[in-house]
There are 2 protein chains.
Amino acid sequence: MSSVPGWANVDERRNLPPALAVSTVILGIRRDPEGGPGKLCLPLVRRIRQPHAGSWALPGGPVGSRESLGQAAGRTLAETTGLHPSYLEQLYTFGDTDRSPTHRLVTIAYFALVNIEEVGTRVPDENVAWFDVDDPQIAEMAFDHRKIVDYALWRLANKTEYGQIAHRLLGERFTLAQLRLVYEAILGKELDPANFRRQLNNTASIEATDEYLAGGKHRPPRLYRYLGHGPDPMEVDTSK
Amino acid sequence: MSSVPGWANVDERRNLPPALAVSTVILGIRRDPEGGPGKLCLPLVRRIRQPHAGSWALPGGPVGSRESLGQAAGRTLAETTGLHPSYLEQLYTFGDTDRSPTHRLVTIAYFALVNIEEVGTRVPDENVAWFDVDDPQIAEMAFDHRKIVDYALWRLANKTEYGQIAHRLLGERFTLAQLRLVYEAILGKELDPANFRRQLNNTASIEATDEYLAGGKHRPPRLYRYLGHGPDPMEVDTSK
DNA sequence: GTCGTTAGAGTCATTCTGACATTAACTGGA
DNA sequence: TCCAGTTAATGTCAGAATGACTCTAACGAC
């Protein structure tokens, strides 16, 4: 077991308590102006301090002693990006001993979704930026954060219940075409509009309203809304 | 915010670092001698020290400074119960501020499966015991451990991929009837043997061997084996 | 009005599912 | 040895779900 130059010796930090932090992968869909399939994207913050100064990292920070883990995730997200996500779910806890070169770091990662209207907005300064998830600029990230993002994408694709997820990404009312674009962005393939409509009508998780989306060039589509019911008992309440 | 008698004042522990621990929900299936549907059960340890002395708790313990979280879960499980599970997956991290009356406690909960042959065995002393998950004796448990068990059961029932789970509960070779009993125990309902066989043949996740289970009174059933491939990239490697 | 576009409903062949019947292979007792 | 009883494994069939496709309705642009 050799000592790496510039790294604290492992034995020196043997009896230090581990640092507890939260990080949040917050995904949104970037609209395609031409109406094509949207792309999943997320905000990242540039690290100011060592280690990994200058690299892009997930928004997050240390856990306060009098806040729950979910509260810490929401607080640090608001402080660094100004975003208040409508969906927050614990993703995974990363605690390998070599995650940070300077100390033992245990990070509880959270997974959030942001309404499509807020994507790209609320950027407080040049140290916060939105990236498409497949942007080559973020092929490498600070710490093991790229691994965290990849796991969040895997979890999203393997969700059995997309209903509430799509609803969180879109907001209160949405058209079936918008909803279909969300599913297509997550699944990475095109879906037949007619069959998509039929399947949603069978599962009674969304409801037609008597409103229509005005302003388009063509026939106005009907607006739908999601009938709540979260199946995961561990979803974080962000209603406050 | 009043002070509870016998509890440390919240302000007194404000600046103490949080204690990091792991706990493991390790589920097995208890065979029904009459061949009926098996029952999910798990080993628990009786707490010796305060708080919650005398109550049943999940096996676990503090995280060492030079071990990963998964290693800590496997080590504490072996130390307290002698079990070496073949499947170990991170479940959830519990970090509410009121989990323990004496200090801020953050627990990374793990979820393990034990082979049916080991259920009820390896009980080192009277402070370790196996319980059916619906045993009224464990309707209440130490800390928030009952909540952790319930969440593990929810996750198990909501898994999309039962293949590898069933395989971990049963061992290397198994008959289709045994596999069906595992599915029935998890899903809580009976399945048609013929349709069950047909579905498994379509998904090529198990393979027929040319061996048969001898010793029964009737026609010997063919043995099958599971073709590996874990879909969850965060499953813990217990092969060491 | 017509044309182009999108919303939304309908058609049909294929596949999947649940329920049930049938045949095969073994043990134990008459 | 033959038969009854039990379990393993396969087959059948109607109804449901699915994928690919067509058809009609409703809008704006011209």
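Per chain, numbering begins at 1; letters A, B, ... match sequence-line order.
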Find the distance [X]:[atom1] to [N]:[atom2] and express it as a whole number of Å.
X	N	atom1	atom2	answer
B:Gln178	D:dA8	CD	C1'	13 Å
A:Tyr212	C:dA7	OH	P	13 Å
B:Asp192	D:dG11	CG	C1'	13 Å
B:Glu211	D:dA8	CD	P	17 Å
B:Glu184	C:dG18	CD	P	13 Å
A:Ile206	C:dG8	CD1	P	11 Å
A:Leu200	C:dA7	CG	P	14 Å
B:Leu213	C:dT27	CG	C1'	15 Å

Sugar-phosphate, base or nothing in reach of A:Ala194, heavy atoms under 4.0 Å: base
Plane angle bin for B:Tyr151 and B:Trp154 - parallel if under 30°, tilted between 30 and 60°, otherwise perpendicular: parallel
To the side chain of [X], which of [options] is closest?
X	options	value
B:Arg197	C:dA7, D:dA9, D:dG19	D:dA9
B:His218	C:dA7, D:dT7, C:dT17	D:dT7
A:Pro221	D:dA9, C:dG8, D:dT18	C:dG8
A:Pro220	C:dA25, D:dA26, C:dC20	D:dA26

Check: B:Gly70 main-chain N/O paired with B:Tyr110 side-chain donor or acceptor under 3.5 Å: yes
Under a plain distance cut-off of 3.5 Å, with no hydrogens placed, do [Y] and [X] share a side-chain donor-acceptor pair?
X	Y	result
B:Ser23	B:Thr107	no
A:Asn201	A:Arg198	no
A:Arg222	A:Thr209	no

Short side-chain N/O contact from A:Gln199 to OP1 or OP2 of D:dT18, under 4.0 Å: yes
Any A:Arg219 side-chain N or O less than 4.0 Å from OP1/OP2 of D:dA25: no
Under-3.5 Å donor-acceptor pair between A:Asn202 side chain and D:dA17 base: no
Under 3.5 Å donor-acceptor pair, A:Arg198 side-chain atoms to C:dG8 base atoms: no
